[in-house]
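Chain identifiers are assigned alphabetically (A, B, ...) following the order of the sequence lines, protein sequences preceding nucleic acid strands; residue numbering begins at 1 within each chain. No hydrogens, no waters, no symmetry mates; every other heavy atom, side chains included, goes into these values.
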There are 2 protein chains.
Amino acid sequence: MRVRIFVTPRQGILDPQGRAVETALGNLGFSGVSDLHVGRYIILTLEAPSKAAAEETVRQMCEQLLANPVIEDYRFEVEPG
Amino acid sequence: MRVRIFVTPRQGILDPQGRAVETALGNLGFSGVSDLHVGRYIILTLEAPSKAAAEETVRQMCEQLLANPVIEDYRFEVEPG
């Protein structure tokens with residue numbers, strides 16, 4: 001299965017990296033940018049007997065290692081094949 | 001416009017962060033994981049007169065700041081509204 005995981009700072013949590021990138025874009029002359037957040041994008045291949053099994057495994061990976069549930073949200077897509 | 005940008009290490013470029021995460025998942029007991037890569041996921045709101053104008057602006061943002069074209073690939077989605 002091909003898995004794509006999106007990890008983003010939780011709503012309302014301070015996001016200094018997002019602020020820094022937004023400021024840098026403004027300094028480069030890009031105007032009209034707002035609400036910018038920087039997260040992680042993780043892609044992987046997972047051997048699993050079913051899509052449901054893969055989804056449960058990925059959920060555990062996110063909770064245990066890939067995301068910090070205190071300050072980050074995650075979502076993922078599992079694509080058979 | 002709502003913009004989602006995905007930045008990933010280029011195919012064939014060494015990805016030490018991806019290797020580290022893959023190893024860590026193995027150490028936690030997750031088996032069957034391969035071809036793992038860690039990239040960045042950037043979301044932002046952009047004021048633009050049209051979707052085409054927004055796409056051109058985002059392309060420039062990626063080339064100038066958000067991605068390193070020498071070692072990273074990027075793709076993005078622009079959603080009106």
Side-chain angles (χ1 to χ4, degrees), chain A residues 1-11 15 17-50 53-67 72-79 81, chain B residues 1-11 15 17-50 53-67 72-79 81:
Chain A
M1 314 265 172
R2 200 66 194 140
V3 179
R4 282 182 291 273
I5 302 166
F6 310 86
V7 180
T8 47
R10 291 195 93 144
Q11 200 82 19
D15 176 14
Q17 196 183 359
R19 292 295 69 67
V21 172
E22 205 172 303
T23 302
L25 285 173
N27 292 344
L28 284 171
F30 293 104
S31 59
V33 178
S34 61
D35 204 18
L36 186 150
H37 296 285
V38 178
R40 289 190 303 289
Y41 175 52
I42 301 156
I43 50 181
L44 59 92
T45 299
L46 179 64
E47 282 174 38
S50 69
E55 285 173 346
E56 175 56 21
T57 300
V58 172
R59 200 189 58 72
Q60 290 178 20
M61 287 177 179
C62 288
E63 295 284 335
Q64 290 182 40
L65 182 75
L66 302 179
E72 293 172 326
D73 287 322
Y74 64 85
R75 66 183 181 82
F76 57 82
E77 298 164 358
V78 174
E79 201 173 88
Chain B
M1 313 265 172
R2 201 67 193 141
V3 179
R4 283 182 289 274
I5 301 165
F6 310 85
V7 181
T8 45
R10 292 193 93 145
Q11 201 82 17
D15 176 14
Q17 197 183 359
R19 292 296 69 69
V21 172
E22 204 173 304
T23 303
L25 284 172
N27 291 344
L28 285 170
F30 293 104
S31 59
V33 178
S34 61
D35 205 18
L36 185 150
H37 297 284
V38 179
R40 291 190 302 291
Y41 174 53
I42 301 157
I43 50 180
L44 59 91
T45 299
L46 179 64
E47 284 174 38
S50 68
E55 286 173 344
E56 176 55 20
T57 301
V58 173
R59 199 190 56 74
Q60 290 177 23
M61 288 177 178
C62 288
E63 295 284 336
Q64 290 182 39
L65 182 75
L66 302 179
E72 293 172 326
D73 287 322
Y74 64 86
R75 64 183 182 84
F76 57 81
E77 298 164 357
V78 174
E79 202 172 88

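Among residue pairs with one or both ends in residues 22-33 of chain A, those qualifying as side chain to side chain donor-acceptor pair (under 3.5 Å) are A:Arg19-A:Glu22; sequence neighbours excluded.
Below 30°, between 30° and 60°, or above 60°: for A:Phe6 and B:Phe6 the angle between ring planes is above 60°, a perpendicular geometry.
Of the residues considered (A:Gly32, A:Ala48, A:Ala24, A:Gly18), A:Gly32 shows the highest number of contacts with chain B, using heavy-atom pairs under 4.5 Å.
None of B:Thr45, B:Leu44, B:Leu46, B:Ile43 except one satisfies the side chain to side chain contact (heavy atoms under 4.5 Å, CB included) rule with A:Leu36; the exception is B:Leu44.
When all heavy atoms of A:Val7 and B:Tyr41 are compared, the closest pair comes out as O-CD2, 4.5 Å.
Residue B:Leu66 touches chain A through its side chain alone, counting heavy-atom pairs closer than 4.5 Å.
Residues of residues 57-64 of chain B placed with any heavy atom under 4.5 Å of a heavy atom in chain A are listed by number as B:Thr57, B:Gln60, B:Met61, B:Gln64.
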